[in-house]
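Working notes for the structure below.
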Amino acid sequence: MTLCETERKTFSPASFTAKVKIPGPLENLTVASDLLKKFRIEPGAKVELSNIDPRECGNYESHEAAVPEMLSQLHKMDQLQNLMYAERKRSVLVVLQGLDACGKDGVVRHILTGINPAGCRVIAFKQPTAEDLGHDFLWRVHAHAPAKGEVVIFNRSHYEDVLVVRVHQLVPAHVWSKRYDLINELERLLVVENHTTVLKFFLYISKDEQLARFKRRLDDPARRWKISESDYREREFWDDYVQAFQDMLYKTSTLHAPWFAIPSNNKWFRDLAVSQIITRTLEQLEMQLPETAVDLAHIRRRYHAAEVETQASWKPSLACEPGAKRKSCFAETASTVALD
Ligand code: AMP
Ligand code: MG
């Protein structure tokens, strides 16, 4: 058992920051390894999942040792997303796939601790509705693609149509087998036409880790709501899913929309790898704050006029007298606003 396998504690930034000394400004932290290159599936590369160790945790000795890096990534992600929101020229689509209990929800929670939810949407794809099934399989997906300035996270996605649909033969092979190219085309459209950065994460857990997580759901009353019969049913198709995932990675990891196969037995490492890859990619976009559209000289004159007026009408006695004149303070403010 590796050192990091013993670190199964749930990540709690508060408890860790209390214990861990964060070196210098977070921005200047050096990255221990470049997980972006390491886990990217090169276009056209055949993938054997048995060659990937789901227990891997990079060069980090433990969860605790990775905390400064994790906080640094969250901090950077916040800044970069703010920039993208202000710039409104491009967008990000994060796609999460993996077997049941692989941690898709956990990754969503982790990413959202790093960014402003106002600029982000999370879409969870369930079984298609009757209306969805009346259309092509990409219809329900395209409607949720991110607008410029937005980050959208897909918790499951159009890839279910070459995964669960293939494993359970919900449509004939000649139908699902054409879908890889159609998916690549849709993603190319998003990239070329709407400047969307598409990042796809396959969260890879081992079969014994999945069972351990099912057990935790049984033992822990707070997790029991997650238990579903279908988790056990799908587990029986493990090998078929492995085949379907391998083909998916091989046929749809492209230059414009790459897949990353993330070793996910260790939750903290999974979160760290995903946030590092998102951050690194956003940094490469070299986004710029937009120029202001207003006449700055004119706005400065208005600001100074407002400042002079505020100082002239400011009556400290009203504000400082304990309790007494609150009402008049508000009246004063209201009339100032009205006059302006
Ligand atoms: P969960 O993510 O655990 O809430 O489960 C959602 C369920 O919806 C999973 O069993 C998925 O396999 C299923 N699902 C999602 N997309 C599709 C699809 N296109 N066709 C069939 N089942 C789907
Ligand atoms: Mg589930």
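All values below were derived from every heavy atom in this structure, side-chain atoms included, with hydrogens, water molecules and symmetry-related copies excluded. Atoms within a ligand are numbered from 1 in the order they appear, just like the ligands themselves.
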With respect to Gln97, which candidate in His158, Glu160, Lys200 satisfies the side-chain hydrogen bond (donor to acceptor under 3.5 Å, both in side chains) definition?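 Only one option passes, and that is Glu160.
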Q. Judged by atom type as modelled, is there a donor-acceptor pair below 3.5 Å linking the side chain of Asn266 to the main-chain atoms of Trp268?
A.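 No, the answer is negative, given that no donor and acceptor are paired below the 3.5 Å cut-off.
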Q.
Among Leu36, Ile41, Leu203, exactly one meets side chain to side chain contact (heavy atoms under 4.5 Å, CB included) together with Phe260. Which residue is that?
A.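 For Phe260, the side chain to side chain contact (heavy atoms under 4.5 Å, CB included) test succeeds with only one of Leu36, Ile41, Leu203, which is Leu36.
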Assigning hydrophobic clusters by single linkage (Ile, Leu, Val, Met, Phe, Trp, Tyr; side-chain heavy-atom cutoff under 4.5 Å), is Phe154 placed with Ile111?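 In one cluster: no.
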Polar pairs, ligand 1 vs protein, N/O only, below 3.5 Å.
| unit_1 | atom_1 | unit_2 | atom_2 | d |
| --- | --- | --- | --- | --- |
| ligand 1 | 2 (O) | Arg156 | NE | 2.6 |
| ligand 1 | 2 (O) | Arg156 | NH2 | 3.4 |
| ligand 1 | 4 (O) | Lys126 | NZ | 2.4 |
| ligand 1 | 8 (O) | Gln127 | N | 3.3 |
| ligand 1 | 12 (O) | Glu160 | OE1 | 3.2 |
| ligand 1 | 16 (N) | Lys126 | O | 3.2 |
| ligand 1 | 16 (N) | Arg140 | NH2 | 3.2 |
| ligand 1 | 19 (N) | Arg140 | NH2 | 3.2 |
| ligand 1 | 19 (N) | Asp161 | OD1 | 3.3 |
| ligand 1 | 19 (N) | Asp161 | OD2 | 3.4 |

Item to complete: State, without any angle test, whether Ser206 and Asn265 hold a side-chain donor-acceptor pair at a distance under 3.5 Å.
Response: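 Their side chains do contain a donor-acceptor pair, which is all the 3.5 Å distance test asks for.
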Check: Taking NZ, NE, NH1 and NH2 as the nitrogens, is one of them in Arg156 or Asp100 under 4.0 Å from a carboxylate oxygen of the other?
Finding: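 A salt bridge links Arg156 with Asp100.
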